[in-house]
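Report on one structure; see the data block that follows.
Chain letters run A, B, ... following the sequence lines, proteins first and then strands; every chain starts at 1. It should be emphasised that the depicted structure is a prediction, and the values quoted were computed from it without experimental measurement.
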Protein chains: 2
Amino acid sequence: MKRNTWQREAVREALGTNEGFVSAQSLHSTLRETGSSIGLATVYRALADLAVEGEADSLQSDQGESLYRACTPGQHHHHLICRNCGLTVEIEADAVEAWAHRVAADNGFTQASHVVDVFGLCATCTAQAAAAQVAPAPASPL
Amino acid sequence: MKRNTWQREAVREALGTNEGFVSAQSLHSTLRETGSSIGLATVYRALADLAVEGEADSLQSDQGESLYRACTPGQHHHHLICRNCGLTVEIEADAVEAWAHRVAADNGFTQASHVVDVFGLCATCTAQAAAAQVAPAPASPL
DNA sequence: GTCCATAATGAGAATCAGAATCAACGCGCC
DNA sequence: GGCGCGTTGATTCTGATTCTCATTATGGAC
């Protein structure tokens, strides 16, 4: 039987208030900062559970950390992620789904699953980067 | 200046003789088994260099390990990977490239890059799995 | 061929994310 | 309210990867 604990709820809520992907470690710090006495192991367990139940998406950061984010349950989708601020947009990819299955079948593969994530700079961060371009770091003047 | 050492060459060669993705750890063991005295740190450095130079592809396994594989340099491509035996097929994905850029642009994102990998069971492993189905592990007989 | 500066190496320590352990706690059912 | 057992959290452990630093050996100059 699955029990409903405030810790699990706190993790779910903390995840929901975040618009981008967060690591288990930083989610734990955040919860501790809000006065919660939740343990790190519990955060890991709760996140793993949420991911299994389809209430959270997970992906690996460049550094190999697992990052999590609340998502629409029971629906397969992909992400468009700002590599600067972490802003995440859920995108549908029916075309890519079909393509992935076709490619797999063409090569004799069965039980195809796929990882499709798009990284970029969101409009805000693009604007900021453009502003920074006004005073770029000078190249070696030699 | 980049120097040419036999260690770096050994890593490149070991990577090339492998048809699937291998972890740094197992590549190191393999090299030691062949009598090489190469160090683990060196294997990591060599793999990181190869990845930067585009001579190797890397991805994260389920367990968070970094896996590497020799690849055609200077060419963007994706992978169809057998989740049982690790067999890897390079696939082209022009359609997906275009789709990724369009989706990014539609959402105001710039500098789009993407991660597209397809996992499945290769023909061989599918056949093996089917054979195993003949004598499945019995469910609880109660 | 020899010399030299320095990039690269390798053994081991350090670091870090995450999993495992286990006694204590507390939720849900009776 | 009592009980059983699922959950928690402090701690320890593990395993991958990175860092450190003395040593080695490459490649260019001569």
Inset, instruction - Kindly write out the residues that satisfy salt bridge (Lys or Arg N to Asp or Glu O under 4.0 Å) with A/R8, not counting sequence neighbours, or none if the list is empty. - result: A/D49

Inset, instruction - Sequence neighbours left out, what passes salt bridge (Lys or Arg N to Asp or Glu O under 4.0 Å) with A/R69? Give chain and number order. - result: A/E90

Inset, instruction - Mind listing the closest non-hydrogen atom pair of A/S26 and A/V22 along with its distance? - result: OG-CB, 3.8 Å

Please set out all donor-acceptor pairs under 3.5 angstrom arising from side-chain atoms of residues 102-111 of chain A, sequence neighbours excluded.
unit_1 : atom_1 : unit_2 : atom_2 : d
A/N107 : ND2    : A/V103 : O      : 2.8
A/T110 : OG1    : B/T126 : OG1    : 2.8

Inset, instruction - Can you sort out the partners of A/E13 under salt bridge (Lys or Arg N to Asp or Glu O under 4.0 Å), two or more places apart, ordered by chain and number? - result: none

Inset, instruction - Figure out the CD/P separation between B/Q7 and C/dA7, and round it to whole Å. - result: 17 Å

Inset, instruction - List for me each residue that meets side-chain contact (heavy atoms from CB on, under 4.5 Å) alongside B/A100, sequence neighbours excluded, and say none if there are none. - result: A/V118, B/H114

Inset, instruction - Could you tell me which residues satisfy side-chain contact (heavy atoms from CB on, under 4.5 Å) with A/L40, sequence neighbours excluded, listed by chain and number? - result: A/Q25, A/H28, A/Y44

Inset, instruction - Rounding to 10 degrees, work out the angle separating the end axes of the helix from C/dG1-D/dC30 to C/dC30-D/dG1 (five pairs an end). - result: 40°

Inset, instruction - Sequence neighbours left out, what passes side-chain contact (heavy atoms from CB on, under 4.5 Å) with A/V115? Give chain and number order. - result: A/D117, B/V115, B/F119

Inset, instruction - Between protein and nucleotides 11-23 of chain C, map the contacts as a letter string: B base, S sugar-phosphate only, - none, heavy atoms under 4.0 Å, written 5' to 3'. - result: B-----SBSBB--

Inset, instruction - May I have the distance from A/E9 (atom CD) to C/dC27 (atom P), rounded to whole angstrom? - result: 14 Å

Inset, instruction - Spell out protein contact along nucleotides 22-30 of chain D as letters: B when the base is contacted, S when just the sugar-phosphate is, - when no protein heavy atom is under 4.0 Å; keep the 5' to 3' order. - result: ---BBS---

Legend entry - salt bridge (Lys or Arg N to Asp or Glu O under 4.0 Å) involving B/R32 - partner list, sequence neighbours excluded: none

Inset, instruction - List in chain and number order the residues that pass side-chain hydrogen bond (donor to acceptor under 3.5 Å, both in side chains) with B/S58, two or more places apart in sequence or in another chain; answer none if no residue qualifies. - result: none

